[in-house]
Every structure is written in structure tokens, then in C-alpha cells.
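Okay, structure first, notes after.
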Amino acid sequence: MTDFFSGIAPVKYEGADSTNPLAFRHYNPDEVVMGKRMEDHLRFAIAYWHSFAWEGGDPFGGQTFVRPWHPQDQMATAKVKADAAFEMFDILGQPYFCWHDADIRPEGDSFGESLKNFEEIIDYFEEKMSTRKVKLLWGTANMFSHRRWMSGASTNPDPEVFAYSAATVKTCMDATKKLGGENYVLWGGREGYETLLNTDMGRELDHMGRFLNMVVDYKHKIGFEGQILVEPKPQEPSKHQYDFDAATCYGFLQKYGLENEVKLNLEQGHAILAGHSFEHEIATAAALGVLGSIDMNRNDYQSGWDTDQFPNNVPEVALAYYHILKDGGFTQGGTNFDAKLRRQSLDADDLIAAHVGGMDICARGLKAAAAMIEDGGLEDAIKDRYAGWDTPEAQAMLGSDLATIFDKVAGEGINPAPKSGRQEMLENYVNRFV
Ligand code: XLS
Ligand code: NI
Ligand code: NI
């Protein structure tokens with residue numbers, strides 16, 4: 001027990017009229033939306049790194065938060081941190097959490113010592129999870145913070161770093177499986193380059209492809225039933241990251257024969273950094289059959305870096321869930337809040353309020369998305385727009401060739417009449433629901 005959250009009661013659903021800042025006004029876990037409980041649609045997870053490991057630093061200043069689990073380089077404080085984390089899970093009642101190895105255990109002086117610390121904390125988690133409902137959405141390895149990874153993990157020019165990375169991922173996959181995790185994530189913050197002047201890109205991509213194949217082989221070897229997910233991001237911390245966006249990742253997976261083994265974990269802020277919208281990334285992954293899970297957050301549109309704010313924009317979130325629901329909804333994936341407080345938000349109740357707000361925004365987005373799907377207006381408009389393709393002649397053309405099509409166009413004097421795309425009508429339609 002810590003006293004970090006003392007005086008904060010478990011958060012309850014109180015309905016839209018509630019003025020209690022620490023109550024859900026829209027997230028009602030048991031409410032049924034499109035035949036499924038809201039909790040089972042959204043599958044919320046809390047990110048250990050932002051809520052418990054991050055100390056409030058930014059590129060110009062260090063720690064602003066003072067927590068009972070600081071300093072974090074000792075086993076005793078790692079356990080206090082775990083105690084506080086599970087106390088917050090009890091308060092929020094979200095079904096999942098996620099971690100990096102480095103968030104939860106102190107770094108040791110050797111691989112063996114770090115592993116010993118990690119395994120001790122995993123056992124500590126297992127004990128805590130045995131008396132609670134909270135589950136692990138995913139585990140992952142932090143292969144970007146420590147200086148050994150400054151030039152990459154699987155793409156490092158030094159084979160010893162490749163080896164260290166492979167061994168690290170093995171331990172994180174073992175731990176994820178032990179805790180019943182439903183996914184395993186790889187985000188390659190240092191898998192990219194700072195300058196092409198010192199980089200053999202073709203070799204690095206081949207090493208990364210081989211590494212991911214080893215991950216998939218190991219998954220099958222140990223009988224891990226979770227999804228393997230790659231998380232795209234175009235840059236930051238590297239100048240250029242190989243897993244740039246959903247489409248780039250799909251090309252990579254195909255080249256290395258992994259498109260049926262690996263799916264994507266998409267993040268709002270990363271989509272924005274790549275010059276896309278979140279729904280673009282989700283719709284792309286869905287169209288390619290690799291939509292796995294999401295990291296929900298919000299980027300500041302002026303800043304140009306990954307600000308990882310809590311979501312606060314219902315229309316955007318609604319369109320994200322619209323494409324998720326259209327893809328059939330989450331099966332093993334979920335909504336991980338890869339989001340952190342602003343560094344001036346010092347207090348325990350700030351941390352709770354941030355998650356309450358984020359969960360409520362997602363619930364509103366989900367309800368709006370479900371209402372649009374049930375109404376069918378967007379689906380009808382798309383059906384109508386492509387209706388010309390429903391005829392047997394149009395379908396036959398797809399199996400035809402240029403010369404035959406030429407004969408038909410020239411012979412019959414085909415002269416297409418442009419039709420309105422009706423964008424404003426559709427935007428107005430969406431605004432009825434959000
Ligand atoms: C960083 C990423 C990271 C991954 C997990 O930008 O979002 O937090 O989700 O390594
Ligand atoms: Ni993320
Ligand atoms: Ni991120």
C-alpha cells in the first residue's frame with residue numbers, strides 16, 4: 001500500500017449530467033453498444049511508462065514530478081511503483097495495462113542482473129494480478145533509452161547489440177506470455193538513421209526483417225497466442241525511422257514474408273507526425289488486413305513532435321473508432337493510452353482526471369461511431385458512389401486489357417459525366433453525430 005492516491009475513491013459512471021470531475025460521464029463499461037459491452041469494445045489500457053516511469057522531463061528541463069517511488073533505480077522503489085500502479089488500476093477499473101521492461105525494473109550492471117530484477121517484478125505483478133481483473137494488453141522491450149541502443153537495436157552496426165536485442169526481446173516475450181498478455185509490441189525508435197553518410201540502409205532493413213522473423217518464430221516456438229504488433233512512427237527520436245507509417249510497414253512485412261504474421265499498433269500522434277490523420281492510418285491498416293491495436297493520444301498540431309497528450313477531440317476520435325468498428329472492432333487489440341500529463345500537472349488527481357477524461361472522450365467517440373454505423377448514411381453514400389461497379393460489364397473490365405477497353409471506348413463513344421463527391425453533405429452528416 002502507498003498513500004499516493006489516498007482520498008481518491010474508485011471512479012464510477014455517473015451520467016452526462018454529473019459535475020464530479022473524477023466520475024465517468026460517458027464511459028459506462030456495461031452499456032451495450034452494437035451488441036457488445038462498452039468495456040469490451042474499447043479495451044482500455046494504461047501505459048506504465050507515461051503514468052509511472054516518466055518523471056516530467058522535457059528537452060529543456062529535468063524532473064518535475066516527485067513520487068514515492070523515486071529514485072527509480074532500486075528494487076524496493078520499483079515495488080512501490082508497482083503498488084501505486086495497481087492502486088490506480090483499482091481506482092480506474094480499466095481492464096488492461098502495458099509496459100516496457102525498463103519501466104518496471106531497475107537497470108542492472110549486467111544483462112543477467114537486469115533480467116533478475118525484471119523477473120522479480122514480473123512475479124510481483126503476477127501476484128497482484130491473481131487477485132484482480134486487470135490484464136496485460138501488451139508487453140514490449142525498451143530498446144531506445146539506454147546508450148547501448150543509440151545506433152539502433154536490430155539495425156545496429158554492431159552484431160553484439162543485435163544479439164543483446166534478441167536476448168532482450170526473448171525475455172520480454174517470455175514475461176508477456178507468463179502474464180497472459182494478449183499482444184507483443186515492437187516500436188523501433190532507434191531503428192532508422194541520423195545520417196545516410198554512415199548508414200547501410202539495405203543491410204539494416206535486412207537485419208530488421210530477419211529479427212522480426214526470429215520474433216515470430218519464437219512466438220510459435222513457445223506457443224504465445226498473442227498478436228505480434230509493429231508500431232509505426234516516422235521520426236523522433238531518430239531523424240528517419242524505417243517503420244514510417246502503416247503503408248511503409250506493410251511493404252516491409254510483405255518483403256520479409258510477415259504480412260500474415262504481424263499486425264500494426266497505430267498511434268494518433270505518430271499518424272500526425274507522418275503527415276496523416278489517425279483515421280487514415282487506421283483505414284490503411286484495415287484495407288491491408290493488418291489493423292491490430294491502437295495507442296490513443298493527441299498531438300499538438302503546432303509543435304511538430306510527439307506530445308502524447310490525452311485525447312480531447314470527439315470528432316477525431318469518433319472517426320478513428322468508425323474505421324475500427326467497420327473493420328469488425330478489436331479482437332486481441334485495444335485502446336492503450338500512450339499519453340502523459342503535462343509536466344506542470346503534479347498531483348495524483350491530475351493523473352486520474354487525465355485518464356477519466358480520455359476514457360470519456362473515447363466512449364463518446366465510440367457511441368458516435370456506432371450511431372453512424374447503425375444509421376448507415378456514410379456506408380450508403382459510398383455504396384452509391386461506387387454503384388457503377390456493380391454491373392457485370394464493369395466487373396468484366398477488371399479482367400480485361402487495355403486494347404479491348406480502348407476498342408469499347410472508341411467504338412461506343414464513351415464520355416463519362418462527372419458526379420458530385422458531396423463532401424460538405426457528408427461532413428454535415430458526421431456533425432449530426434458528434
Ligand atoms: C513512442 C511510442 C512508444 C511505444 C512503445 O513514441 O509510442 O511509447 O508505444 O514502445
Ligand atoms: Ni505508442
Ligand atoms: Ni508515441
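In each ligand, atom 1 is the first atom listed, and ligand 1 is the first ligand listed. We're numbering straight along the sequence, starting at 1.
- Between Trp138 and Trp49, the two ring planes are tilted [angle within 30° to 60°].
- Classified by interplanar angle (parallel below 30°, tilted 30° to 60°, perpendicular above 60°), the ring pair His276/His280 is parallel.
- Among the backbone and side-chain atoms of Asp308, no N/O/S atom is found under 2.8 Å from the Ni ion (ligand 2).
- Given atom 2 (C) of ligand 1, the protein heavy atom at minimum distance is Glu231 OE2, 3.3 Å.
- Proximity of Phe52 to Met88: side-chain heavy atoms (C-beta onward) are separated by under 4.5 Å at one or more points.
- The aromatic ring centres of Phe244 and Phe252 sit 6.0 Å or more apart.
- Distances from ligand 1 to the non-hydrogen atoms of Asp295 include at least one value under 4.0 Å.
- With respect to the salt-bridge test (charged N to carboxylate O, under 4.0 angstrom), the residues Glu182 and Arg43 qualify.
- Looking only at N/O/S atoms, His270 comes nearest to the Ni ion (ligand 3) through NE2.
- For ligand 1, the polar-atom distance check against Thr140 finds no nitrogen or oxygen pair separated by under 3.5 Å.
- The Trp49 neighbourhood of ligand 1 comprises atoms 8 (O), with distances under 4.0 Å to a heavy atom of that residue.
- Between the Ni ion (ligand 3) and the N, O or S atoms of Glu267, the shortest distance is to OE2.
- Between His100 and Phe144, the ring planes lie perpendicular to each other; the angle is over 60°, past the 30° to 60° tilted range.
- For the ligand labelled ligand 1, residue His270 lies inside the 4.0 Å heavy-atom shell.
- Nearest protein heavy-atom neighbour of atom 10 (O) of ligand 1: His100 NE2, 2.6 Å.
- At a 3.5 angstrom cut-off on N or O pairs, Lys233 counts as close to ligand 1.
- In terms of polar-atom proximity, defined here as any N/O pair under 3.5 Å, Glu267 does make such a contact with ligand 1.
- Under a 4.0 Å criterion applied to the non-hydrogen atoms of Asp306, ligand 1 contributes the atoms 6 (O).
- Checked by atom type, the side-chain pair Asp245/Tyr250 shows no donor-acceptor distance below 3.5 Å.
- Geometry about the Ni ion (ligand 2) gives an angle of 170° between OE2 of Glu231 and OD2 of Asp338, rounded in steps of 10 degrees.
- When each of Arg298, Lys340, Lys233 is checked for a salt bridge (Lys or Arg N to Asp or Glu O under 4.0 Å) with Asp306, only Lys233 meets the rule.
- Checked against a 3.5 angstrom limit, the closest N/O atoms of Trp187 and ligand 1 fall outside it.
- A salt bridge is defined here as a Lys NZ or Arg NE, NH1 or NH2 lying under 4.0 Å from an Asp or Glu carboxylate O, and Arg148 with Glu107 meets this definition.
- One finds a salt bridge joining Glu39 and Arg37 here, because a Lys/Arg side-chain nitrogen approaches an Asp/Glu carboxylate oxygen to under 4.0 Å.
- Taking the Ni ion (ligand 3) as reference, the nearest N/O/S atom within Asp306 carries the name OD2.
- Among Glu14, Arg25, Lys12, the one residue that satisfies the side chain to side chain donor-acceptor pair (under 3.5 Å) test with Asn20 is Glu14.
- Note on Asp295: its N/O/S atom closest to the Ni ion (ligand 2) is OD2.
- The shortest contact between atom 8 (O) of ligand 1 and any protein heavy atom is with Asp338 OD2, 3.0 Å.
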